[in-house]
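Take a look at the structure set out below.
Nothing here was measured: the structure is a model prediction, and the numbers come from that model.
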Amino acid sequence: MKDGLMNRSMEDLLSEAKVLPPAKTKIICTLGPKSRDVDVLVELLNAGMSIARFNFSHGSHEYHQGTLDNLRLAEEKAGKMCAVLLDTKGPEIRTGFLKGNKNVFLKVGQEVTLTTDYDVEGDENTIALSYKKLAHDVKPGSQVLIADGSIVLSVLQCLPAEGLVKCKCLNSAMLGERKNCNLPGVVVDLPTITDKDLDDILNWGIPNKIDFIAASFVRKGSDLTNIRLALGAQAPFIKIVSKVENQEGLENFDDILHMSDAIMVARGDLGMEIPTEKIFLAQKMMIHKCNAAGKPVVTATQMLESMCKNPRPTRAEATDVANAVLDGTDSVMLSGETAAGSFPVIAVRVMAKICSEAEAAIDHNSLFKQIMQHTPLPMSPLESLASSAVRTAHKVRASLIIVITKEGVTARLVAKYRPAVPVLTVAIPVLTTDSLTWSCSGEGPARQCLITRGLLPLLAEGSTRATDNDTTDEILLSAIKHSKTKGLCKKGDSIVALHRIGAASVIKIIEVV
């Protein structure tokens, strides 16, 4: 990566920017009031949105259904594929209602009593919290952070029998109703999947054939087992993105990574749970471990926060996005910027430009060698072929890698080795029968590639002969024709193709004619 930066002169940097290829890094957009109309969704897709995030901390099933219906219409208009991510509300702690529904002002140094009786209407002296075991789990000296850390309380005394905690306010601030609350360093005794989450998944997500579930506040690997049990027969078809948002999740990260399909570095709540100066280390560590495991990683929260109100990001935000790309993130996520911001489409365009510039600074050949050096041996046969396909693409200066796959596993292994060129992932729907009826795997495997850097999904036609040589050659020719149409390759270019023939996997070098 450093070599890539060193090889660029200041003249190149300051000269008029050349046209860069589209960003390989994927962009996840949270949909909301400012981004749920069909026309806006078409613009977002054209600007670079790969995954639409539905935040179930807000909105009813009917509201989200309307947004999803519009998204499907926008996909048809734009001629682009977009995956759907259901982000669960998860186990959260909130403050209660206030007397007269009026905000209260808390002064620095004043004493405040926290009660676990959520029916109590609070005031400047008493605040209700939704966590029943608060008085048992915190201790004198602990901190309670309210409203994204804008209010900091220090615990003075715990009274478990009464369900009360006496605190001192460390800063002056205005408190509103039902604000989020964090307990840094406390192992909270709450279920990862709540009754509301189950209702959202089973009664909205599964009927709508969603592609991903972002599981909030995952704390240990067994949480993933419980989620898959809840999904039942649909578990194999929905990928789980674990949001690591607290200290316990960090401590159990290796176990969580092993059990997850992807990871989200959720810096919002994580920044409340661990010291601010350690957030960058946690982010880099998680990205590195995900890259080594070949699993997609999403970097989220406040990436272009100022663009909620301004048409340009701050310099720090632009650098933050670029550094996440250089570190190896597969996807970057926009939250309020696209859900409720004034410039949703511009935010995506800016994000895409920053990602493209950051990717142009990477020396992919050196990065490939570095990944190979740190990959344990022996490799699986499939991973060996995937890495060889990337090496071959480097050596022949291929303009494209084509992978024909059923579930996307091979394509993700190719992406692990960070090729310099896009990977056209041709997903073949799997046709199965129980002797009475036929069923098809649908677009799920293709859409689920949209979270991984560099993968460009293309849905092939299903066939009962999907492994036959004739059918494979036919799909490959069709994929090359599509690539020429989309400008991914041209006559005379070399393409590296990876696919199966019967029980064997092969790598081909094809000249485009």
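Looking at Asp200 and His61, their side chains do bring a donor and an acceptor atom within 3.5 Å of each other. Judged purely by distance below 3.5 Å, without hydrogens or angles, the side chains of Gln302 and Asp320 never pair a donor atom with an acceptor atom. Glu359 and Thr25 share a donor-acceptor pair across their side chains, judged by distance under 3.5 Å alone. For Glu273 and Asn182, the side-chain atoms include at least one donor-acceptor pair closer than 3.5 Å.
Of all the heavy atoms in Lys26 and Ser50, the pair that sits closest is CD-OG, 3.6 Å. Of all non-hydrogen atoms in Lys89 and Asp197, the two that sit nearest each other are N-OD1, 3.3 Å. Residue Leu455 comes nearest to Ala415 through the heavy atom pair CD2-CB, 3.9 Å, listed as atom of the first residue, atom of the second, then distance. For the pair Thr375 and Lys416, the tightest heavy-atom approach, listed with the atom from each and the gap, is CG2-NZ, 4.5 Å. In terms of heavy atoms, Lys107 sits closest to Cys169 at O-CB, 3.4 Å. Between Glu92 and Leu190 the shortest heavy-atom distance is O-CD1, 4.5 Å.
Of the residues Asp137, Asp189, Thr116, the one that meets the side chain to side chain donor-acceptor pair (under 3.5 Å) test with Tyr131 is Asp137.
Counting heavy atoms from C-beta on, the side chains of Thr115 and Leu134 never come closer than 4.5 Å. A 4.5 Å side-chain heavy-atom check between Ser242 and Phe253 finds every atom pair outside the cut-off. Contact annotation: the side chain of Ile127 never approaches that of Lys179 to less than 4.5 Å [non-hydrogen atoms, C-beta and beyond]. In this structure, the side chains of Arg267 and Met303 come closer than 4.5 Å at one or more pairs of heavy atoms. Between Ile263 and Lys289 the shortest side-chain heavy-atom distance does not fall below 4.5 Å. A 4.5 Å side-chain heavy-atom check between Val144 and Cys181 finds at least one atom pair inside the cut-off. With contacts defined as side-chain heavy-atom distances shorter than 4.5 Å, the pair Asp211/Leu450 does not qualify. By the 4.5 Å heavy-atom criterion applied to side chains, Leu44 and Val345 are counted as neighbours.
Of the possible donor and acceptor atoms, none in the side chain of Glu337 sits under 3.5 Å from a partner among the backbone N and O of Ala347. Checking side-chain atoms of Lys196 against main-chain N and O of Phe56 turns up a donor-acceptor pair under 3.5 Å. At distances below 3.5 Å, not a single donor-acceptor pair connects side-chain atoms of Gln247 with backbone N or O atoms of Ile274. In this structure a side-chain-to-backbone donor-acceptor pair under 3.5 Å is missing from Asn208 to Ile210. Of the possible donor and acceptor atoms, one in the side chain of Thr88 sits under 3.5 Å from a partner among the backbone N and O of Ala214. Proximity of a side-chain donor or acceptor of Ser306 to a complementary backbone N or O of Pro313 within less than 3.5 Å is not detected. Under a 3.5 Å cut-off, the side chain of Arg453 and the backbone N or O of Ser331 do not form any donor-acceptor pair. For Arg94 (side chain) and Arg178 (main-chain N/O), a donor-acceptor pair under 3.5 Å exists by modelled atom type. Proximity of a side-chain donor or acceptor of Ser356 to a complementary backbone N or O of Pro21 within less than 3.5 Å is detected. A donor-acceptor contact shorter than 3.5 Å is absent between the side chain of Thr192 and the backbone of Val218.
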| Test log, rule side-chain contact (heavy atoms from CB on, under 4.5 Å), inputs Lys168 and Leu170 | CA-CA 6 Å; Lys168 182 171 76 172; Leu170 299 186; 4.2 Å; yes
| task | Could you give me the CA-CA distance, side-chain angles and deciding distance for Asp39 and Lys77, then say whether side-chain contact (heavy atoms from CB on, under 4.5 Å) is met? | result | CA-CA 9 Å; Asp39 291 343; Lys77 275 192 169 186; 3.8 Å; yes
| task | Please test Asp363 against Arg418 for salt bridge (charged side-chain N to carboxylate O under 4.0 Å, His left out), starting from the C-alpha separation and ending with a verdict. | result | CA-CA 10 Å; Asp363 183 337; Arg418 294 297 189 246; over 6 Å; no
| message | Quick one, Ser142 with Leu183, criterion side-chain contact (heavy atoms from CB on, under 4.5 Å). Give me CA distance, side-chain angles, the key distance, then yes/no. | response | CA-CA 8 Å; Ser142 299; Leu183 307 174; over 6 Å; no
| field | Derivation and outcome, side-chain contact (heavy atoms from CB on, under 4.5 Å), residues Glu317 and Glu305 | value | CA-CA 8 Å; Glu317 288 168 343; Glu305 181 74 9; 3.7 Å; yes
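Heavy atoms of other residues, nucleotides or ligands lying less than 6.0 angstrom from CD of Glu383 number more than 12. Around NE2 of His258, the count of heavy atoms belonging to other residues, nucleotides or ligands within 6.0 Å does not exceed 12. By the neighbour-count criterion of 12 heavy atoms within 6.0 Å, atom CZ of Phe280 is sparsely surrounded, having that number or fewer from other residues, nucleotides or ligands. No more than 12 heavy atoms of other residues, nucleotides or ligands sit less than 6.0 Å from atom CG of Asp195. No more than 12 heavy atoms of other residues, nucleotides or ligands sit less than 6.0 Å from atom CZ of Arg312.
Between Phe54 and His64, the angle of the ring planes goes over 60°, which puts this pair in the perpendicular group of the 30/60° scheme.
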All N/O donor-acceptor pairs, side-chain side in residues 29-38, below 3.5 Å, sequence neighbours left out:
unit_1 : atom_1 : unit_2 : atom_2 : d
Thr30  : OG1    : Arg53  : NH1    : 2.8
Thr30  : OG1    : Leu334 : O      : 2.8
Ser35  : OG     : Gly32  : N      : 3.0
Ser35  : OG     : Thr338 : O      : 2.8
Arg36  : NE     : Thr67  : OG1    : 2.9
Arg36  : NH2    : Tyr63  : O      : 2.8
Arg36  : NH2    : Thr67  : OG1    : 3.2

Can you list, pair by pair, the side-chain donor-acceptor contacts under 3.5 Å of residues 146-157, counting residues two or more places apart and other chains?
unit_1 : atom_1 : unit_2 : atom_2 : d
Asp148 : OD1    : Asn180 : ND2    : 2.9
Ser150 : OG     : Ala147 : O      : 2.8

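Between Arg412 and Asp261 there is no salt bridge, since no side-chain nitrogen of the basic residue lies less than 4.0 Å from a carboxylate oxygen of the acidic one. In this structure, Asp223 pairs ionically with Lys220, as a charged nitrogen and a carboxylate oxygen lie closer than 4.0 Å. Under a 4.0 Å N-O distance rule, the pair Arg219/Asp255 does not qualify as a salt bridge.
Put simply, CD1 on Ile213 and NZ on Lys239 are 12.0 Å apart, with the number rounded to the nearest 0.5 Å.
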